[in-house]
Structure formats: structure tokens, C-alpha cells
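Just so it is clear, the model here is predicted, and its values are computed rather than measured. The figures that follow rest on heavy atoms only: side chains count, while hydrogens, waters and symmetry mates do not. Order of the sequence lines sets the chain letters (A, B, ...), proteins ahead of strands, with each chain counted from 1.
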Number of protein chains: 2
Amino acid sequence: MVDPGLNTVLSKSVAILRAFNSDDTNVSLAELVRRTGLHKATVFRLAAELVELRLLEKSESGYRLSGGMFELGMRAAVERTLLEVAMPFLQDLYERTHEIVHLGIREGHHVVYVAKLGGHRQVRSPSRVGGRMPMHCTAIGKVFLAHDPIVRREILSAPLERRTPHTVATPGRLARQLSTVTSTGVAYEREESALGLTCIAVPVLDETSAVCAAISVAGPTTRFRPEAHTAVLRATGAALGTILARRSSSDGH
Amino acid sequence: MVDPGLNTVLSKSVAILRAFNSDDTNVSLAELVRRTGLHKATVFRLAAELVELRLLEKSESGYRLSGGMFELGMRAAVERTLLEVAMPFLQDLYERTHEIVHLGIREGHHVVYVAKLGGHRQVRSPSRVGGRMPMHCTAIGKVFLAHDPIVRREILSAPLERRTPHTVATPGRLARQLSTVTSTGVAYEREESALGLTCIAVPVLDETSAVCAAISVAGPTTRFRPEAHTAVLRATGAALGTILARRSSSDGH
DNA sequence: TCAGAGCGTATCGCTCAACGAAACGCGACG
DNA sequence: CGTCGCGTTTCGTTGAGCGATACGCTCTGA
């Protein structure tokens, strides 16, 4: 009881699972102990049980999140539904632009990417499916901020992390940008989360006109002209919103 | 210690999480009790804690797997890596065929789909990303069976579930099909997992020439000619295998 | 209108699963 | 050879988790 809420078996186990980063393929016991702050014997025992339960698996000299985890994750209701409905639209968008296409949702004070098409060979973009990004330095994040006053206030009142020299880290400038986003319905990001990457995003509105997701197109700053994709992007966002609204009203039965 | 390995907090919690099916958006406490066989009070307490930990969330009148689960799932090492590397290839494949494209791996005695492109509006196919399918009635499954004698023996010695009238449910016939697959390197499925759906699959070989994944193209039987896609599919499988092999040899350092 | 079924939620002593300190065996390093 | 960091095992103590029980609510049908 000395510590944070890590008194129950369950919270400790989840802490262990969450100790894995997005690109860990092999985390040692000792490293897990360091990251979680738990007792060595505890991590050892729990990790063993998690292996038993197929949420972890042993790798060369440590542990990694296993396929069982993947399976469970893909059953998450909101994300899976959104993904399945949106995929055809995203594919069309990709085929028309051949640039990086993102679908993102808001989770707390972050953007979580639900889908990503293209962009694997071209630019190295920092986004990953299932990964988190700050809201203030991504086009998708700005869409959410622009349409949600409460979250916007929270974000603007905390220090804004600087990711690149271009990150808009002053609340005033960001607020001004956001009001433009609110009125135009389009958000831009110009190398604010990663150098060399430019991005444009639009909201996806659900049946209550709330922003339930956002989609974006991104490409290398050198040649990428975001304005060129405004129309397709807008059309895609609107079409997706319509379908989502139709679905959620019909499955009420 | 009586048995059903459900003595620990952790195993019970995972049992609760696994009680959610691929399309549950709202499972009541009572239903969870029924599915898990756990005590009502236990499910209540653990579910509450899982909500606290953001693996579950309350929905209208019950629970659902939450975004936190999705995030964790997408950090699963093998699946995420495979997905990220394979996506560009799958996208190309989709653009060339405009049919349903699948990427699948073997997990125990089942196929688990890691990616799926297209096919959302056209045919209703039973596959879902993160979903399981039996091996004997899917093209991807047959690829694995054909190249893994051990698993093949296990599958062939158990009764083969019949999914449609066309499911090959007799070990002899299946074995004969599989030997063709072994020699040609191409597997077919003709309405064996779902009526109206035809599919063709090829293996993806890793650096040890083991089948680490399989990719397939599927379409409605009415007009879909699997042979038409053999060449592209083969090329894609080979290219993907090469990249995967290159990656896994280079990241050893 | 009332009995009862089914639900989510709360209480409370008992007990055993989980705890962490400690120690062990091992390989790597200097 | 000492020792450092690692994974693993042991063990006595203790409080977290257990489930029987009960409560209040909302249906539904008699």
C-alpha cells in the first residue's frame, strides 16, 4: 500500500503488459522489473502465469506480447467496428492519393491510430497502428481539439511538448490555428510531429455531429501538397460519417 | 486446486476477457457469469477492476473490451511486425486484383487473420482481423497443413468440422488435396468455409524456408477465377518472404 | 396488485493465494 | 578469483480475494 494502485495481482499484471513498448520484441525479466518497479519474484511469477495464459511468450532471452494479446485486442468493440467500416473508404482514399492514409480516434489526451495505409516504404512516419501521439502536433489531433472545447482547454493549459523545431508549442498560436480548423473543418500539420512530414486531416462526424474519428493524408514535405487532397479527403470523411451514423441507428434494435 | 485452472485472479480475469466474442459490443454481467462459470460476485469485482485498468469499459447495459485492449493487442511483437512489413505488399495485391486480400498466421490448430483488405462491401466473408478459422476449410489453413507434417497429422486425426456442404470433411480427400498443395505451392478453397466464396492462397517463407505466414485472394464464386491471380499472388508471397528474411537476419544485432 | 425471477450491487468473516526477503546457481566481466 | 547482474526457487506471513448471503431494483405474468 506504499505505492500507487499496484496492490492487486491484476493491476500488477497489467502493469507488466503495459511495460512493453510498441517495438519491443524481447524484454528481459530484469528490464520488466525496472520498468514496473515491482519485486523481481513477483514479475517472475506473474510473467510465467501470463505466458501460461498466452498473453506473453518467451523470446530468445526474455518476453514479448504474444498472439493471444493480438487476438483479444482486435475484439475491442469500438476500434474493430470502426476499422471494418472504414477500411474500404481508406483503401479508396489510398488508391486515389497513394500517400499515407490514417484513421485515428481520441483516447484521453492522445490520438490513437486505428488504421494506417501506405507510407511504409516512402517516408518514415512516427505513427503506428495502436500507437499514441500527442494531439497538439498532429493533424488528426488538431481536428479533435478544434471540435472539443473541454479537451482543448485541458491541452492548452498544460505545457505543449515540442517534438520538432516546427511544433506549435505556444498555446496562443495553437489556439489561433484551432479556430481556423473549427471554421474550415480541415487541419494541417507541417513537420510538427516529425521532420519531413506534412499532413492534412478532416473529422468524421457521427449521428450526433460529434467527431468520433478523423482521417488524414500525409506525405513528404518536399513534394506533398496537402491542398491537393482536400476534396477527396472531405468527401471520404463525409461518406464514412454517413455510413457510421446509419449503422449505429440501425443496430439499436 | 479442484481444477479448472481458474484458481488465480489472473486466470479468472483473462477468462472474463476471453468471454467476449468478436462481435460483442455489450455483454451483461449475468452473461459473463454464464460464459465463464465464475461466481457472480467475482465477475462483478474483477470486471470493475478491469474497467479501472481500461481493459474493459461499461457500455449501455454491460461491458465491452475497450481501447486499452486494442492498444495492447497492437503491440504484440510478431503480429505487428508482420503486419507493418506486409501491408505495402497486400495493398499492391489489392490494387491489382480488387478482391479480398488476407494475411494469416497459424496459431495452434487455427488460422488467425492478421490483415484483411477489401471485401467489405462485396461478399460477406466470415474472416475478421484477429479472428480464428479452422485450418482444414480455408485456403490459408491448407497452406500451413501442407507444409507442416506434425500439425497435419493432428488435424487429420481429429474429426473435421463441416462448415458448408462443400467442406472437405473426410481425412483421405483432404490429405490428397494437401499433397497437391505441397507440390504446387498453391492452395484452393471452394465454398468450404462459407457459401459463395472461393479462395486461393500461397505460403510466405522465412529465412529457414518454414511457412511463417500465408496470403490469399478471395472472391465470390460466381465470377471469381482463382487461377487468374496465381502469378501475382506467388510473386507477392515470394517478395514478402524475401523482405521478412532480410529483416530478421539484420536485426539480430 | 402482488409474487417471483433476474439483474446489478453491497457486506463480511474465513482462508489460501500471493507476497517479498532471502538465498542459490550461473555466466560474464575485470 | 571476487562480484555483479541475471533467472530461478524456497518459505513463513498476511491481507487480498473468496463466495454465501442479502438487498434493492425492474421487469413480467398471473
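- Nucleic acid contact class of Ala30(A) (heavy atoms, under 4.0 Å, all strands): sugar-phosphate only.
- The CG atom of Leu90(B) sits 13.5 Å away from the NZ atom of Lys116(B) when rounded to the nearest 0.5 Å.
- Val9(B) places none of its side-chain heavy atoms less than 4.5 Å from the side chain of Thr8(A).
- Residues Leu50(B) and Leu10(A) meet the side-chain proximity criterion, which asks for heavy atoms closer than 4.5 Å.
- For Thr8(B), whose side chain is taken as the heavy atoms from C-beta onward, the closest listed nucleotide among dG7(D), dG8(C), dA18(C) is dA18(C).
- By the 4.5 Å heavy-atom criterion applied to side chains, Met133(B) and Ile140(B) are not counted as neighbours.
- If you find the closest nucleotide of DNA chain D to Leu10(A) and to Tyr63(A), the one lying nearer the 5' end belongs to Tyr63(A).
- Following rounding to the nearest Å, Ile16(B) (CD1) and dG17(D) (P) show an atom-to-atom distance of 13 Å.
- Rounded to whole Å, the distance from CD on Glu52(A) to P on dA18(C) is 13 Å.
- Atom C1' of nucleotide dA18(C) and atom CG of Asn7(A) are separated by 13 Å, given to the nearest angstrom.
- The interatomic distance linking Leu46(B) (CG) with dT9(C) (P) rounds to 14 Å, in whole Å.
- The Lys12(B) side chain lies nearest to dC18(D) when the options are dC18(D), dG20(C), dT8(D).
- Of the candidate nucleotides dC18(D), dA20(D), dA18(C), dA18(C) has the atom lying nearest to any side-chain atom of Arg45(A).
- Across the protein-nucleic acid pair, His39(A) atom NE2 and dC11(D) atom C1' stand 13 Å apart, rounded to whole Å.
- Heavy-atom distances to DNA chain D give each of Ala41(A) and Ala41(B) a nearest nucleotide, and the one nearer the 5′ end belongs to Ala41(A).
- The side chain of Arg34(A) lies closest to dC6(D), out of dA22(D), dC6(D), dG17(D).
- Listed candidates were dT8(D), dC19(C), dG19(D). Nearest to the side chain of Phe44(A) is dT8(D).
- As a whole-Å value, the separation of Lys40(A) NZ from dC6(D) C1' is 7 Å.
- What separates CG of Leu29(A) from P of dT8(D) is a distance of 7 Å, to the nearest Å.
- Each of Arg152(B), Glu154(B), Arg153(B) was checked for a side-chain contact (heavy atoms from CB on, under 4.5 Å) with Leu156(B), and the lone residue meeting it is Arg152(B).
- Asn26(A) has its CG atom 10 Å from the P atom of dG7(D), to the nearest Å.
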